[in-house]
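Accompanying notes for the structure given below.
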Amino acid sequence: QVQLVESGGGLVQAGGSLRLSCAASGRTFSNYAMGWFRQAPGEAREFVAVISWSGDNTFYADSVKGRFTISRESAKNTVYLQMNSLKPEDTAVYYCNADRESWRLTEPAHFSSWGQGTQVTVAS
């Protein structure tokens with residue numbers, strides 16, 4: 001059974017940084033693209049960033065471009081999200097997911113199974 005465990009969230013002041021981790025288990029994810037999503041209170045889950053299986057290609061939501069960086073360490077089945085210059089509007093529960101097709105990771109509706117997520121709260 002596939003498991004995705006997100007960690008690294010917390011409370012940070014606006015302008016601060018956090019690094020999220022997503023550890024995958026249950027299969028080898030070296031051939032899978034990985035993506036980050038987030039869901040703010042009362043809002044729908046939204047796409048944040050995706051990285052290809054090779055790590056060579058990344059794509060970001062406009063709202064985080066230039067501030068967030070997605071990376072992966074395939075040997076550890078782990079994907080990271082470095083978040084800099086955080087804003088109060090980045091406050092949300094952050095989730096990861098995996099798929100063989102990168103394009104599917106730009107739309108959360110493609111997925112029915114999620115981990116528990118990690119809470120990020122940015123204080124103004």
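All figures in this text were calculated on a predicted structure; none of them were measured in a lab. Values reported hereafter were calculated over all heavy atoms of this structure, with side chains retained and with hydrogens, waters and symmetry mates removed.
The cationic group of Arg45 lies under 6.0 Å from the six-membered ring centre of Tyr95 and within 45° of the ring axis, placing it in a cation-pi geometry. For the pair Arg19 and Tyr80, the distance from NZ or CZ to the six-membered ring centre is under 6.0 Å and the angle to the ring normal is within 45 degrees.
Proximity of a side-chain donor or acceptor of Arg72 to a complementary backbone N or O of Ser54 within less than 3.5 Å is not detected. Judged purely by atom type and a 3.5 angstrom limit, Tyr94 has no side-chain atom pairing as donor or acceptor with the backbone of Gln39.
In this structure, Asn84 and Phe68 have side chains that are not in contact, with every pair of non-hydrogen atoms separated by 4.5 Å or more. A heavy-atom distance below 4.5 Å is not found between the side chains of Gln82 and Ile70.
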Exercise. List the steps and the verdict of side chain to side chain contact (heavy atoms under 4.5 Å, CB included) for Leu20 and Glu6.
Key: CA-CA 7 Å; Leu20 307 184; Glu6 302 91 346; over 6 Å; no

Practice problem: Could you walk me through whether Glu101 and His110 pass the side chain to side chain contact (heavy atoms under 4.5 Å, CB included) test, one step at a time? | Solution: CA-CA 11 Å; Glu101 301 291 341; His110 287 138; over 6 Å; no

Quiz prompt | Full working for ring pair (Phe, Tyr, Trp, His ring centres under 6.0 Å) between Trp53 and Phe29 | solution = CA-CA 8 Å; Trp53 68 269; Phe29 283 86; over 10 Å; no

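Between Arg38 and Ala92, the shortest heavy-atom contact is CB-CB, 3.8 Å. Trp103 and Thr106 make their closest contact through O-OG1, 2.7 Å (heavy atoms, listed as atom of the first residue, atom of the second, distance). For the pair Ala98 and Leu105, the tightest heavy-atom approach, listed with the atom from each and the gap, is N-CD2, 3.9 Å.
The one candidate from Leu18, Val122, Val48 that meets the side chain to side chain contact (heavy atoms under 4.5 Å, CB included) condition with Met83 is Leu18.
The pair Lys65-Asp62 counts as a salt bridge, with a side-chain nitrogen and a carboxylate oxygen less than 4.0 angstrom apart.
You'll find the ring centres of Phe47 and Trp36 outside the 6.0 Å limit.
Atom CG in Asn97 sits 7.5 Å away from atom CE in Met34 (nearest 0.5 Å). One distance of note links OG of Ser113 with CG of Leu4; it measures 7.0 Å at 0.5 Å rounding.
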